[in-house]
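To start, the structure under review is shown below, and the notes come after it.
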Amino acid sequence: MAFEKNILCIGAGYVGGPTMAMIAHKCPQYRVTIVDINPKRIAEWNSNNLPIYEPGLDEIVKVVRGRNLFFNTEIEREIKEADIIFVSVNTPTKTFGAGAGMAADLQYWEKTARQIREASQSHKIIVEKSTLPVKTALAMERILTSTASGIHFDILSNPEFLAEGTGIRDLETPDRVLIGSRETPEGLKARDELVEIYANWVPRKLIITSNIWSSELSKLVSNAFLAQRISSINSISSLCEKTEADITEVARAVGMDSRVGNKFLNASIGFGGSCFKKDILNLVYLCRHYGLDEVADYWEGVVRINDYQKERFILNMLSAMFNTLAGKKICLFGFAFKANTGDTRESPAISVSRRLIEERAEVVITDPRALINAETDLADIKEKITFIEDPYKAAAGCDAIAVMTEWDIYTGLDFEKIYESMRNPAFVFDGRNILDHSSLFKIGFNVFPVGKSPLTHF
Ligand code: NAD
Ligand code: UGA
């Protein structure tokens with residue numbers, strides 16, 4: 001069958017894989033190919049054991065793979081054949097040189113731009129799918145037009161707003177799709193081409209367009225606003241713990257104001273995930289670069305409160321358990337940075353595990369999807385930690401359970417059975433406020449939620 005368009009995505013990760021699977025699923029008339037420099041990842045995408053866990057993804061990939069969705073490592077060949085190239089490579093925080101710990105590391109991005117320039121023989125539309133500092137498209141344009149080949153490239157910004165765990169739903173029924181372009185006739189034409197792709201399944205009124213810089217910046221600001229809500233509610237959770245106010249009741253009262261809204265107001269052990277921290281730090285770096293120190297300080301506060309919340313959790317454990325954790329066995333319920341994903345990047349459970357080991361506690365970790373990643377994240381202290389998939393076996397013989405991830409399975413466990421198998425006095429530190437605290441207390445646990453008065457037998 002002849003396809004109408006050849007769409008290529010460079011980067012077969014958490015964004016590239018699901019977004020392209022959705023395009024292939026909704027648009028059988030296009031040939032969609034995903035390439036990556038990592039052959040192991042590509043082999044996994046071509047297997048029955050996909051490299052990422054995302055509810056609904058397996059089903060879609062099974063239908064479209066080999067039909068109009070293809071995975072391979074032939075980057076150069078695929079660039080040549082593509083009409084539209086989405087670039088979805090990783091853009092982590094820089095760990096070296098100027099801006100280390102703050103700025104985005106654009107080395108993978110730039111390498112891709114050079115590869116596109118070298119391999120291209122005809123006009124192409126390049127779509128920024130990765131999250132990038134505002135003005136990156138300018139650098140991309142300069143790299144792509146820095147040879148005398150005469151090939152024209154149009155660069156668009158089309159940031160991705162999916163959240164892990166709900167990625168397929170977010171892609172299928174997005175709140176909005178944002179496309180930024182240059183406001184030249186060529187830029188607008190390229191923008192319209194991309195609009196037509198999404199219009200195959202997204203209502204046109206939800207496909208919004210803007211200038212390219214607004215689009216790049218909107219992605220950073222969107223993540224900053226979401227993270228800011230979590231830090232706001234988490235900051236108030238500490239005040240609740242001092243005043244007998246209850247964070248769930250406060251969040252409900254505040255969130256029922258339609259101007260505020262009730263989403264993203266769950267107090268927690270802190271936000272994790274590969275993007276919130278990196279994107280806010282990137283925003284902070286940009287503000288400092290432009291001499292906007294007050295603005296930078298404001299946003300940096302969101303990350304500072306998140307670090308404070310994680311440390312506060314450990315200090316609460318320490319003080320509740322008679323100021324020593326040495327030799328005590330603590331079971332972490334969950335390791336993924338949120339439920340319904342195996343992703344552990346920047347998971348609060350990583351720093352909690354490390355802090356517990358520093359306090360000389362024994363750590364047992366259980367998680368239905370993230371144990372392999374957990375072992376990798378904690379490789380340097382792996383011998384001090386036990387990894388067990390069954391939560392009953394993991395909790396047996398422990399002094400405390402600390403809930404790190406809001407997996408549904410934890411709410412349905414038989415806590416009487418768990419209590420019987422634990423040491424006394426037994427503690428639950430609910431870093432997600434998902435358990436039934438009063439029934440745990442009745443069973444005999446000493447219960448420490450986030451942002452609520454503890455329930456103790458002492
Ligand atoms: P990821 O690390 O899962 O995937 C990136 C992939 O790019 C990797 O497989 C890597 O091998 C590949 N890659 C790197 N350089 C390459 C090159 N030169 N050629 C070919 N492949 C190359 O990252 P991710 O989570 O998919 O994130 C990608 C981008 O999307 C980031 O900018 C991130 O901020 C943004 N984003 C992520 C999410 C999310 O939920 N993870 C959501 C929205 C936006
Ligand atoms: C987030 C955004 O929600 C996406 O829109 C964005 O595309 C993505 O980042 C990205 O750019 O990578 P994600 O990190 O996958 O998505 O997941 P979220 O649901 O946003 O959760 C992030 C963290 O905040 C998790 O650790 C979660 O447990 C925590 N969280 C979330 C809370 O602690 N409280 C809440 O009320 C909500």
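First listed ligand is number 1; within each ligand, the first listed atom is number 1. Side chains included, hydrogens not; waters and symmetry mates left out as well; all remaining heavy atoms used.
Contact atoms of ligand 2 toward Glu160: 7 (O) (distance under 4.0 Å to a heavy atom of the residue). For ligand 2 and Ser268, the ligand atoms under 4.0 Å from any heavy atom of the residue are 32 (C), 33 (O). If you number the atoms of ligand 2 from 1 as listed, the ones under 4.0 Å from a heavy atom of Leu226 come out as 2 (C), 3 (O).
Taking only nitrogen or oxygen atoms, main chain and side chain alike, Phe161 reaches within less than 3.5 Å of ligand 2. For ligand 2, the polar-atom distance check against Glu164 finds a nitrogen or oxygen pair separated by under 3.5 Å. Considering backbone and side-chain atoms alike, Asn38 places every N or O at 3.5 Å or more from each N or O of ligand 1. Polar contact check, Lys129 against ligand 1: no nitrogen or oxygen pair lies under 3.5 Å apart. Of the N or O atoms in Val15, one or more lie within a sub-3.5 Å distance of an N or O in ligand 1. Taking only nitrogen or oxygen atoms, main chain and side chain alike, Lys219 reaches within less than 3.5 Å of ligand 2. Geometrically, ligand 1 and Lys219 share no nitrogen or oxygen pair separated by less than 3.5 Å. Checking only distances, Gly272 does come within under 3.5 Å of ligand 2, N or O to N or O. Between Asp279 and ligand 1, no N or O atom pair is found at a separation short of 3.5 Å. Not one N or O of Lys111 is nearer than 3.5 Å to an N or O of ligand 1, by distance alone.
Atom 1 (C) of ligand 2 has its closest protein heavy atom at Phe276 CE2, 3.4 Å. The protein heavy atom nearest to atom 21 (O) of ligand 2 is Lys338 CD, 4.1 Å. In this structure, atom 34 (O) of ligand 1 lies nearest to the protein heavy atom Lys278 NZ, 2.6 Å. Protein heavy atom nearest atom 23 (O) of ligand 1, with residue, atom name and distance: Arg345 NH1, 3.8 Å. Here the protein heavy atom with the shortest distance to atom 18 (N) of ligand 1 is Thr112 OG1, 3.5 Å. Protein heavy atom at the shortest distance from atom 19 (N) of ligand 1 is Ile10 CG2, 3.6 Å. Scanning the protein for heavy atoms near atom 25 (C) of ligand 2, the closest one is Phe337 O, 3.5 Å. With hydrogens left out, the protein atom closest to atom 35 (C) of ligand 2 is Asn266 O, 3.7 Å, a heavy atom. When only non-hydrogen protein atoms are considered, atom 8 (C) of ligand 2 lies nearest to Leu162 O, 3.5 Å. Looking only at heavy atoms of the protein, atom 31 (C) of ligand 2 is closest to Ile230 CD1, 3.5 Å. Looking only at protein heavy atoms, the nearest one to atom 31 (C) of ligand 1 is Thr91 OG1, 3.5 Å.
The salt bridge (charged side-chain N to carboxylate O under 4.0 Å, His left out) with Glu311 is formed by just one residue from the set Arg354, Arg304, Arg355; it is Arg355. Here the options are Ile10, Val87, Thr19, the test is side chain to side chain contact (heavy atoms under 4.5 Å, CB included), and the partner is Lys129; only Thr19 passes.
Under the 3.5 Å distance criterion, the side-chain polar atoms of Glu160 are matched with a main-chain donor or acceptor of Leu162. A donor-acceptor contact shorter than 3.5 Å is absent between the side chain of Trp45 and the backbone of Gly17.
The part of Arg432 lying near ligand 2 is the side chain, judged by heavy-atom distances below 4.0 Å.
One finds no salt bridge joining Lys5 and Glu196 here, because no Lys/Arg side-chain nitrogen approaches an Asp/Glu carboxylate oxygen to under 4.0 Å. For Arg114 and Glu110, the salt-bridge test passes: some basic side-chain N is under 4.0 Å from an acidic carboxylate O.
In Ile208, the CD1 atom is crowded: over 12 heavy atoms of neighbouring residues, nucleotides or ligands sit closer than 6.0 Å.
Between Phe429 and Phe448, the ring-plane angle classifies as parallel under the 30° and 60° cut-offs.
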